[in-house]
Amino acid sequence: MTQQEQQEQQESKLFFSRHLLEWYHQQKRDLPWRRHRNPYYIWVSEIMLQQTRVDTVIPYFHRFIERFPTVEALADAPEEDVLKCWEGLGYYSRARNLQHAARQVKEQYGGNVPNDRDAVFSLKGVGPYTAGAILSIAFNRPEPAVDGNVMRVLSRYFLMEDDIAKGPTRIKMERLAAELIPEGSASHFNQALMELGALVCTPKSPRCLTCPVMEHCAGRLAGCETSLPVKTKAKPPRPEERLAALIEGRGAHAGRVLIRQRPMSGLLARMWELPHWPAPPAEGAAPGARLADAAAQDRLRRSLVKAGISARPSEHWMAAEHTFSHIIWTLQVYRCREEEGLPLPMPLAAEGLAVYRAEAAAAVTAYSLEGASANGAGTASSDIGEAGMTPSRGADLESVLLTDSIVPLEVEVFADGTENPEDMGAVRWINREDMARYAFPNVFLKLLNSYFDVQEGRKE
DNA sequence: AAAGCGGGGTA
DNA sequence: TACCCAGCTTT
């Protein structure tokens, strides 16, 4: 680069910083977390804003701050309260990490959000972007805060064709963003950068004509602003067919349905849901094809029994879809009836388990008989017999139970009365009022509300 | 370095 | 309906 080019580059940077800051002072939105410079508010808002739009976050932010007004209040709250407050916002590890970090702040920093880089960065759930955002926005420290908005803005203004999905690109952008921060204005400037990305320099159709730095935007001058930033696209989510059970209680559980808690870690960790299991593909059918109704009910019955839940599918109720970034669940939801005679909810004592196993044996035998005759008649109800769990007559029940690919509900109490702390999967019978106490992923929230609506005669 | 982790918006 | 958005943790 010649000396002249370097000088032009320098002027371009100064122009950018000056005009962007000026624009921000005129155009900034009135957002709840901008009304105070409370580091805790900034922190909570930044965690919520990860992968989430401002409009979605605002109501959650108000509720969260009202419920947990201080770091200490958050640190001292029961985890399920925090999860319930986050319900519907997605990426629930953010909520658990945030509370974990609040406890870090309470114990290690006397309840005050730290203002040095290493300390902030050490907080659970705080990575390079969020650390920079907290340090700059809350403490006006000259740290870069490079998120997707910022990378889009910078890649266009400086016409950078680096793949923003790659790690080294973020490092490069952070170096550049740090150089751009005007002396003493880190807080406003970093927010300005993100505000521009959100309001003007949008992914699809950037509003260049209203942009405060359009005159020196290299991407626009080259006419390639809409093809920036360069980014390798993620692979598509894999489809997963699942069978879900909406179990209607009887007797003591009349008017209630059964929910279970997910495992301590992994997908939707510790959230509550209707029980559901993978639907194996029908033999010889196209992958992803729906299981025939009778076969699906049979399969679901087996899953229920093996999970220690005494209930029987009665009819297909509805299908529901839940999309993650990496999986698409298609849930076929079956109404099921609780079968009386065996106490629910779990956990099972050893004797109870033996009873269930006996019933499972009966179910397996019944299945074998039905399956055999159905096969003889040439119908299509034999599609449960996938590898590893063919329930042929005389099959060893224990081996069926143990080698079945279905993950059982972990509802057993060990012989000494203790529970498995890692995979304890609690179950509960709930009515609509009880829903307020449990955090559900959106799809189950909608299913349960819809179900109770029908029960209460509010809808068809 | 790549994969896992939700939910809502727009074209 | 198809596609887009995107930061941190874990592996």
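So you know, we letter chains A, B, ... as the sequences are listed, proteins then strands, and number each from 1.
Within the 4.0 angstrom heavy-atom criterion, only backbone atoms of the sugar-phosphate kind lie near A:L268; the bases stay farther away. Within 4.0 Å of A:Q50, counting heavy atoms only, lie sugar-phosphate atoms of the nucleic acid but no base atom. Residue contacts for A:R152: at a heavy-atom cut-off of 4.0 Å it reaches the sugar-phosphate backbone alone, with no base atom in range. Across all strands, A:S93 comes closer than 4.0 Å to no nucleic acid atom at all (heavy-atom distances). Backbone-only engagement by A:G88 is indicated by non-hydrogen atom pairs under 4.0 Å involving sugar-phosphate atoms exclusively.
Salt bridge absent: A:R337 and A:E248 never bring a charged side-chain N and a carboxylate O closer than 4.0 Å. A salt bridge links A:R437 with A:D434; the closest basic N to acidic carboxylate O contact falls under 4.0 Å. Under the 4.0 Å criterion applied to side-chain N and carboxylate O atoms, A:R238 and A:E240 are assigned as salt-bridge partners. Residues A:R34 and A:E195 are paired through a salt bridge, judged by an N-O separation under 4.0 Å between the basic side chain and the carboxylate. Between A:K231 and A:D163 no salt bridge is recorded (no basic side-chain N to carboxylate O distance below 4.0 Å). Checked for salt-bridge contact, A:D162 and A:K172 meet the test: a charged N lies under 4.0 Å from a carboxylate O.
Under the 6.0 Å distance and 45° angle rule, A:R141 does not count as a cation-pi partner of A:F139.
Atom CD1 of A:I327 is separated from atom P of B:dG7 by 12 Å (rounded to the nearest Å). Here the P atom of nucleotide C:dA6 and the CG atom of A:L154 are 13 Å apart, to the nearest Å. When the C1' atom of C:dT10 is taken as reference, atom CZ of A:R96 falls 13 Å away, rounded to whole Å. Rounded to an integer number of Å, the gap from CE of A:M264 to P of C:dT10 is 14 Å. Regarding A:F324, its CZ atom lies at a distance of 21 Å from the P atom of C:dG7, rounded to whole Å. Between A:L89 atom CG and C:dG7 atom P the separation is 15 Å, expressed in whole Å. Put simply, NE2 on A:H322 is 9 Å from P on B:dG8, counting in whole angstrom units. Here the P atom of nucleotide C:dG7 and the CZ atom of A:F121 are 14 Å apart, to the nearest Å.
For A:N97 and C:dC8, the shortest distance from a side-chain N or O to OP1 or OP2 is not below 4.0 Å. Contact annotation: A:K446 does not reach the phosphate of B:dG7 (side-chain N/O to OP1 or OP2, under 4.0 Å). Distances shown here put a side-chain N or O of A:H326 below 4.0 Å from the OP1 or OP2 atom of B:dC5.
Only the C1' atoms considered, C:dC8 is 23 Å distant from B:dG9, to the nearest whole Å. B:dC5 and C:dC5 have their C1' atoms separated by 14 Å, given to the nearest Å. Rounded to whole Å, the separation between the C1' atoms of B:dA2 and C:dA6 comes to 15 Å. Remark: the separation of the P atoms in B:dG8 and C:dT9 is 24 Å, to the nearest Å.
Residue side chain A:Q51 reaches the base of C:dG7 through a donor-acceptor N/O pair under 3.5 Å, judged by distance alone.
Relative to the side chain of A:D147, the nucleotides C:dG7, C:dC8, B:dG7 differ in distance, and C:dG7 lies closest. Here the side chain of A:T130 is nearest to one of C:dA6, B:dC5, C:dG7, namely C:dG7.
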Mind listing the N/O atom pairs, protein and nucleotides 9-11 of chain B, below 3.5 Å?
none

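Each of A:P168 and A:Y91 has a nearest nucleotide on DNA chain B; the 5'-most of these lies closest to A:P168. The nearest heavy atom of DNA chain B to A:K166 and to A:L267 marks one nucleotide each, and the one closer to the 5' end goes with A:K166. Nearer to the 5' terminus of DNA chain C, by closest-nucleotide assignment, is the contact made by A:K233 (compared with the other of A:A131 and A:K233).
Between A:W33 and A:F61, the gap from one ring centroid to the other is short of 6.0 Å.
A:E161 CD: 12 or fewer foreign heavy atoms inside a 6.0 Å radius.
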